[in-house]
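Right, one structure below, let's go through it.
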Amino acid sequence: DAGVIQSPRHEVTEMGQEVTLRCKPISGHDYLFWYRQTMMRGLELLIYFNNNVPIDDSGMPEDRFSAKMPNASFSTLKIQPSEPRDSAVYFCASSLAGQGSYGYTFGSGTRLTVV
Amino acid sequence: QKEVEQNSGPLSVPEGAIASLNCTYSDRGSQSFFWYRQYSGKSPELIMSIYSNGDKEDGRFTAQLNKASQYVSLLIRDSQPSDSATYLCAGRGILTGGGNKLTFGTGTQLKVEL
């Protein structure tokens with residue numbers, strides 16, 4: 001199993017530009033989560049999906065952020081327009097309902113820098 | 001009050017000693033807890049989970065849960081320099097989250113010194 005795959009690994013963009021982060025969950029996992037990690041705030045849940053349906057997006061900071069999951073094997077997190085305060089590491093994670101003891105499996109993350 | 005609280009550290013222990021990492025949580029409805037290890041520049045990696053009061057052992061790691069005190073801990077025996085990392089505590093069923101949503105603490109940095 002290739003694990004959770006995220007791309008790109010690093011992204012540097014200018015303020016005001018659109019940024020799209022991508023995630024491929026583990027095959028068969030029915031939950032997908034997007035987290036953001038900063039030194040100040042730690043890991044924050046942005047949004048999560050169950051069977052491709054968004055369940056809780058209360059962590060999405062504002063309307064500049066949007067996430068989609070068009071099918072079971074792909075999800076995107078988009079920021080438009082990007083701002084310097086969006087600079088962080090963005091993690092995607094997936095899990096399987098009922099396997100409560102396994103927690104989540106995280107991808108390698110995307111380090112976003114907005115200048 | 002944060003939902004899951006951890007001391008940020010750093011916690012320094014000599015090689016071979018027992019490292020004790022602690023976590024408190026605010027939601028009495030929380031059902032299960034997880035410890036993740038995160039090396040600098042890497043993603044979190046699950047090392048232990050615990051659901052029931054008491055101790056759960058896995059190799060050099062022991063997780064402890066006390067639901068009455070809303071307290072979770074992780075003990076690392078015979079600490080090695082390779083254990084130096086940030087340890088994240090997470091709970092499921094935190095406040096209105098429920099379901100499959102994990103809430104993370106901000107992590108404790110552990111340094112194992114030679």
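Every chain is numbered from 1, with letters handed out A, B, ... down the list of sequences. All values reported here derive from a predicted model rather than from experimental measurement.
Of the possible polar contacts, one joining the B:Gln70 side chain to the B:Ser26 backbone as a donor-acceptor pair under 3.5 Å is found.
The local environment of NZ in A:Lys68 is sparse, with at most 12 non-hydrogen atoms from other residues, nucleotides or ligands closer than 6.0 Å.
Heavy atoms closer than 4.5 Å to chain B are found in the side chain of A:Gln37, but not in its backbone. For B:Gln6, no part sits under 4.5 Å from any heavy atom of chain A, backbone or side chain. Contacts of B:Leu88 with chain A are made by side-chain atoms alone, with heavy-atom separations under 4.5 Å and no backbone atom involved.
Cluster partners of B:Leu114 are absent, since no Ile, Leu, Val, Met, Phe, Trp or Tyr has side-chain heavy atoms less than 4.5 Å from it.
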For residues 83-91 of chain A, please give each side-chain donor-acceptor pair under 3.5 Å, one per line with the distance, not counting sequence neighbours.
{"residue": "A:Glu83", "atom": "OE1", "partner": "A:Arg85", "partner atom": "NE", "Å": "2.6"}
{"residue": "A:Glu83", "atom": "OE1", "partner": "A:Arg85", "partner atom": "NH2", "Å": "3.0"}
{"residue": "A:Arg85", "atom": "NH1", "partner": "A:Glu62", "partner atom": "OE2", "Å": "3.3"}
{"residue": "A:Arg85", "atom": "NH2", "partner": "A:Glu62", "partner atom": "OE1", "Å": "3.3"}
{"residue": "A:Arg85", "atom": "NH2", "partner": "A:Glu62", "partner atom": "OE2", "Å": "3.2"}
{"residue": "A:Asp86", "atom": "OD1", "partner": "A:Arg64", "partner atom": "NH2", "Å": "2.9"}
{"residue": "A:Asp86", "atom": "OD2", "partner": "A:Arg64", "partner atom": "NH1", "Å": "2.7"}
{"residue": "A:Asp86", "atom": "OD2", "partner": "A:Arg64", "partner atom": "NH2", "Å": "3.4"}
{"residue": "A:Asp86", "atom": "OD2", "partner": "A:Glu83", "partner atom": "N", "Å": "2.8"}
{"residue": "A:Ser87", "atom": "OG", "partner": "A:Pro84", "partner atom": "O", "Å": "2.9"}
{"residue": "A:Ser87", "atom": "OG", "partner": "A:Val114", "partner atom": "N", "Å": "2.9"}
{"residue": "A:Tyr90", "atom": "OH", "partner": "A:Asp86", "partner atom": "O", "Å": "2.7"}

